[in-house]
Undergrad: 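After the structure tokens below, expect a handful of questions from me.
This chain uses plain numbering: 1 for the first residue, then up along the sequence. What you see is a predicted model, and the numbers here were worked out from it, not measured in a lab. These values consider heavy atoms only, across backbone and side chains, with no hydrogens, waters or symmetry-generated copies.
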Amino acid sequence: MIDYSYLIQKVMDWADERKISAPENLTKQSLKLGEEYGELIEAVLKNKPDQFKDSVGDMQVVMIILCQQYGVDYEQCLRDAYQVIENRKGKTENGVFIKEADM
């Protein structure tokens, strides 16, 4: 199995080679993330598992490039987000988790 850090670096190299990773393209990549998210929602609504998997992967690629453009570490963002939620208290209503602070 390929290491996640290795894949992230390969995506960043790919973006560099195509001159996508320049900071001035941040807005364009942000819009691209919205496009990919729309495709993900369509996949969920129309029950298209292959499109769903493709959309998840595409969104990660775009988020990695966005982090590269913004100068932040993608893996660190994930670690930080997990540290915030790992001990979060709350409850699930209708399939949505509501954190205790919002109840």
Undergrad: Kindly compute the distance separating CG (Asp58) from CG (Asp54), expressed to the nearest 0.5 Å.
TA: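 Nearest 0.5 Å value for the CG-CG distance: 4.5 Å.
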
Undergrad: Please confirm whether the backbone N or O of Gln51 pairs with a side-chain atom of Glu39, one donor and one acceptor, at under 3.5 Å?
TA: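 Side chain of Glu39 to backbone of Gln51: no pair is present.
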
Undergrad: Please tabulate, for the side chains in residues 86-97, all donor-acceptor contacts under 3.5 angstrom to protein atoms that are two or more places apart in sequence or on a different chain.
TA:
residue: Lys91; atom: NZ; partner: Glu93; partner atom: OE2; Å: 2.7

Undergrad: Same cluster or not: are Met63 and Tyr82 linked, directly or through other Ile, Leu, Val, Met, Phe, Trp or Tyr residues, by side-chain heavy atoms under 4.5 angstrom apart?
TA: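 Not linked; separate clusters.
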
Undergrad: Kindly work out whether a path of hydrophobic side-chain contacts (I/L/V/M/F/W/Y, heavy atoms less than 4.5 Å apart) joins Val61 to Tyr70.
TA: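 Yes, it is one cluster - the side chains of Val61 and Tyr70 are joined through contacts under 4.5 Å.
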
Undergrad: Side chains of residues 5-13: which donor-acceptor pairs under 3.5 Å do they make with residues two or more places apart or in other chains?
TA:
residue: Ser5; atom: OG; partner: Glu75; partner atom: OE1; Å: 3.1
residue: Ser5; atom: OG; partner: Glu75; partner atom: OE2; Å: 2.7
residue: Gln9; atom: NE2; partner: Asp13; partner atom: OD1; Å: 2.8

Undergrad: Would you say the side chains of Tyr4 and Gln60 form a donor-acceptor pair under 3.5 Å?
TA: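 Yes.
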
Undergrad: Can you list everything that forms a side-chain contact (heavy atoms from CB on, under 4.5 Å) with Leu78? Sequence neighbours excluded, please.
TA: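 Testing Leu78 for side-chain contact (heavy atoms from CB on, under 4.5 Å), a comparison that skips the adjacent residues, returns none.
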
Undergrad: Please tell me whether Val72 and Ile64 are part of a single hydrophobic cluster in this structure, the criterion being side-chain heavy atoms less than 4.5 Å apart.
TA: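 They do share one cluster, since a chain of ILVMFWY contacts under 4.5 Å joins Val72 to Ile64.
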
Undergrad: If you take all heavy atoms of Asp16 and Gln68, which pair is closest and at what distance?
TA: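 Heavy atoms of Asp16 and Gln68 come nearest at OD1-NE2, 2.9 Å.
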
Undergrad: Does the side chain of Arg79 come within less than 4.5 Å of Gln83's, by heavy atoms?
TA: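 Of all side-chain heavy-atom pairs linking Arg79 with Gln83, none is under 4.5 Å.
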
Undergrad: Between Gln29 and Leu33, does a side chain to side chain contact (heavy atoms under 4.5 Å, CB included) hold up when you go through it step by step?
TA: CA-CA 6 Å; Gln29 282 300 297; Leu33 183 60; over 6 Å; no

Undergrad: Determine whether Tyr37 and Phe52 fall in the same hydrophobic cluster, where Ile, Leu, Val, Met, Phe, Trp and Tyr are linked whenever their side-chain heavy atoms lie under 4.5 Å apart.
TA: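 Yes: a chain of side-chain contacts under 4.5 Å links Tyr37 to Phe52.
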
Undergrad: Working to the nearest 0.5 angstrom, can you tell me the gap between Trp14 CH2 and Ile65 CD1?
TA: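 Between atom CH2 of Trp14 and atom CD1 of Ile65 there are 5.0 Å.
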
Undergrad: For the CD1 atom on Ile2, are there more than 12 heavy atoms of other groups (residues, nucleotides or ligands in this structure) within a distance under 6.0 Å?
TA: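 Result for CD1/Ile2: open.
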
Undergrad: Taking all non-hydrogen atoms of both residues, which atom of Asn25 and which atom of Lys19 are closest, and how far apart?
TA: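 Reported closest heavy-atom pair: ND2-O, 3.3 Å.
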
Undergrad: Compare every heavy atom of Leu40 with every heavy atom of Ser55, then report the nearest pair and how far apart it is.
TA: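 That closest heavy-atom pairing would be OG-N, 3.4 Å.
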
Undergrad: Applying side chain to side chain contact (heavy atoms under 4.5 Å, CB included) to Val62 and Leu66, what does each step give before you reach the verdict?
TA: CA-CA 6 Å; Val62 175; Leu66 282 167; 4.1 Å; yes

